[in-house]
Structure formats: structure tokens, C-alpha cells
Amino acid sequence: MKKLCTSLLFLGLVSTFALVASDSLPSNEVWALSSFKEAMSDDPFLVLSNWNTIDSDPCNWFGVFCTPDRDHVIKLNISGSSLKGFLAPEMGQITYLQELILHGNSLIGILPKDWGMLKSLKVLDLGDNQLTGPIPPEFGNLTELVNMNLQSNDLTGRLPPELGNLKYLQELRLDRNKFQGPVPGGSSSNFSSTIHGMYATNANLTGFCRWSQLKVADFSYNYLVGSIPGCLDYLPSLYFQGNCLQIQHKDAKQRPVVQCGMQDMSVIRISLPR
Ligand SMILES: *[C@@H]1O[C@H](CO)[C@@H](O)[C@H](O)[C@H]1NC(C)=O
Ligand SMILES: *[C@@H]1O[C@H](CO)[C@@H](O)[C@H](O)[C@H]1NC(C)=O
Ligand SMILES: *[C@@H]1O[C@H](CO)[C@@H](O)[C@H](O)[C@H]1NC(C)=O
Ligand SMILES: *[C@@H]1O[C@H](CO)[C@@H](O)[C@H](O)[C@H]1NC(C)=O
């Protein structure tokens, strides 16, 4: 009898725990955060030292912010902490995430295309790291994005026209990377009718001429070629300086031809297999 009582009590405790557990973060969000930590090879200031699934609630982890009900992660901010490592694709699972701020670390490797699944993301700040490779076209699926900062990395490749899908975008900082190719304006020369008249018939349009809320777009110090799309003419010309663009403007000084020639060759080589 005593044994039965004990096991009933035990069962009671277990179900209480189960109830508490069902109130906390979904397991895929905890798993995503654990993957983020695992992908780090160096953490000199030990900012991830309390990131431990066994003895604490992830909502208390350094840099992690949750909803008031503590049922979803909505923000991750770990800036200027000299974190070294790769960006875990699993982070794309945290679909309630609104702000992802990893500015000023030593992050390496590519931008994971899975992060295009972060459909609630409003702020993405990966500036001042050592990230490489292109911007995945999937980032055009981050349709809630307002602010994207990728400045001061080693990113390469062409700018994907899909970024034109980011209809709420206000601030874009792509300066101080190694982007090549043109600034994609639109697929047709008739884009101005779409912007001003919102004619549904031109829904097919791609490229950066679709941005309507844009205030800042810094493309400076890359290897971009061609001309600036007319729809971006209103931006200050210093946002275009230090490239290989065909513009004559004293405030938008371009790179010497020697630097641009070499970049043109690699653009041609990269674009051949397409
Ligand atoms: C992120 O954290 C840093 C300090 O670690 C702080 O200065 C900065 O304001 C925070 N950014 C946001 C958007 O919360
Ligand atoms: C995201 O974008 C890519 C490339 O632009 C596309 O192929 C894919 O279907 C999109 N995924 C979703 C879930 O919208
Ligand atoms: C688009 O522009 C072309 C010339 O560039 C013109 O022939 C055509 O009529 C225009 N279409 C629309 C819908 O304005
Ligand atoms: C989209 O544009 C292409 C040419 O760039 C054209 O062939 C196609 O018919 C257009 N589609 C729609 C739905 O307007």
C-alpha cells in the first residue's frame, strides 16, 4: 500500500513537471539555440556559459529574450563578444524570432539559406564579422524585415534580385564586402508605372525598385558594376562610392580600373555555367 502511494505521488510529480514543460519553449527552439552554441568554436568572454539545457530555462540565457509568456524566443542579441564560429542553419527553426543581432563578433562561414524561414524577423544584424559567400536568394523570403545589416564582412557574389521582395525594408547596409555584378533594379524598363500606380498587371517585377519604404541603402566599398537603377537615384551618392560603377559624381568616387578589371573577369567566370 505504501509502495502504491509512493508511486502515485511520483506520478503526480511527473505530470506536474509535464504541465510546466508544456508551458515552456517548444523543443525545436531549444534545439536551435543548442545548435547555435555547438557551432561556436571560441567564446573568450564565456557569454554562452549559462547556455545549458539541463539546469536552466533558455529564456534566462545570456542574450536570449522570450515572449512575456515565455513560450517563444523573440530576440537574440549577442554583440561585440568575440564569438567565433559558424552560423547554425537550425536557427531558421525559431520562426517567432523578430531580432537576430550578432554584430561585431568573429563569425565565419556562409549565411545559411535556412534562415530564410525566419518569417517574423524584423532586424537582422550580422555586421562586422568575417562571413563569406553570397546572400542566399532565400533571404528574399524574410518578408517582415525592416533592417538588414551585413556591412564589414567578406561576402561575395551577386546581389539577389529576390531582396526586392522585402517590402517593409527601411535600412540596408551591404557596405565593405566583396559583392560583384550589378545592382538589380527591375526586370523591365517600365517599373516606374508599378511603383507609382501599383498596377497589378506588373506583378512579375523583380529587383530593388520594389522597395517603397527604403531610407538607407549603403552599397559602398564593394565591386559592383553597371549603373545605379534610376529608382535609387534619390539615395545619397556616398552610398555608392568605392565600387566599379559607371557614374560620374565627385561624391561617389569609384575604384581604380585595375581593381575593377580583375573583378570583372571573376564575375564572367562565375556567371558562365548558368
Ligand atoms: C544589443 O546588446 C548590446 C550590448 O551587448 C547593446 O549595446 C545593444 O543596444 C543591443 N541591441 C539591441 C537592438 O537590443
Ligand atoms: C524561399 O525562396 C526561395 C528562393 O527565392 C524559393 O525557391 C523558396 O520556395 C522560398 N521558400 C518559401 C518557403 O517561401
Ligand atoms: C514598356 O516599355 C516598352 C519600351 O521600353 C514599351 O514598348 C511598352 O509599351 C511599355 N509597357 C508598358 C505597359 O508601359
Ligand atoms: C514576366 O516577365 C517575362 C519577361 O521578363 C514575361 O515573358 C512573362 O510573360 C511575364 N509574366 C507575367 C505574369 O507578367
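Atoms within a ligand are numbered from 1 in the order they appear, just like the ligands themselves.
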Exercise. Can you check whether F240 and F219 have ring centres sitting under 6.0 Å from each other?
Worked result: yes
For this session: Can you sort out which atoms of ligand 1 are near I101, meaning under 4.0 Å from one of its heavy atoms?
Result: 12 (C), 13 (C)
Problem set entry | Within 6.0 Å of NZ in K37, more than 12 heavy atoms from elsewhere | yes
Exercise. So is there a nitrogen or oxygen of E162 less than 3.5 Å from a nitrogen or oxygen in ligand 2?
Worked result: no
Problem set entry | Side-chain touch R158/F179, heavy atoms, less than 4.5 angstrom | no
Exercise. Going through the checks in order, is the side-chain hydrogen bond (donor to acceptor under 3.5 Å, both in side chains) test met by D71 and T67?
Worked result: CA-CA 6 Å; D71 54 357; T67 50; 2.5 Å; yes
For this session: Using a strict 4.0 Å cut-off to heavy atoms of N77, name the atoms of ligand 1 that fall inside it.
Result: 1 (C), 2 (O), 3 (C), 8 (C), 10 (C), 11 (N), 12 (C), 14 (O)
Exercise. From M91 CE over to W31 CH2, what is the distance, rounded to the nearest 0.5 angstrom?
Worked result: 11.5 Å
Exercise. Got a protein heavy atom sitting under 4.0 Å from atom 11 (N) of ligand 2?
Worked result: yes
For this session: Look at atom 5 (O) of ligand 2 and find which of G140, P160, P137 reaches it with the closest heavy atom.
Result: P137
For this session: Give the residue and atom name of whichever protein heavy atom lies nearest to atom 14 (O) of ligand 1, and the separation in Å to one decimal.
Result: K75 NZ, 2.7 Å
For this session: Measure from atom 1 (C) of ligand 1 to the protein's non-hydrogen atoms and state whether any distance is below 4.0 Å.
Result: yes
For this session: Could you tell me the residue and atom name of the protein heavy atom closest to atom 13 (C) of ligand 2, and the distance to it rounded to 0.1 Å?
Result: N141 ND2, 4.4 Å
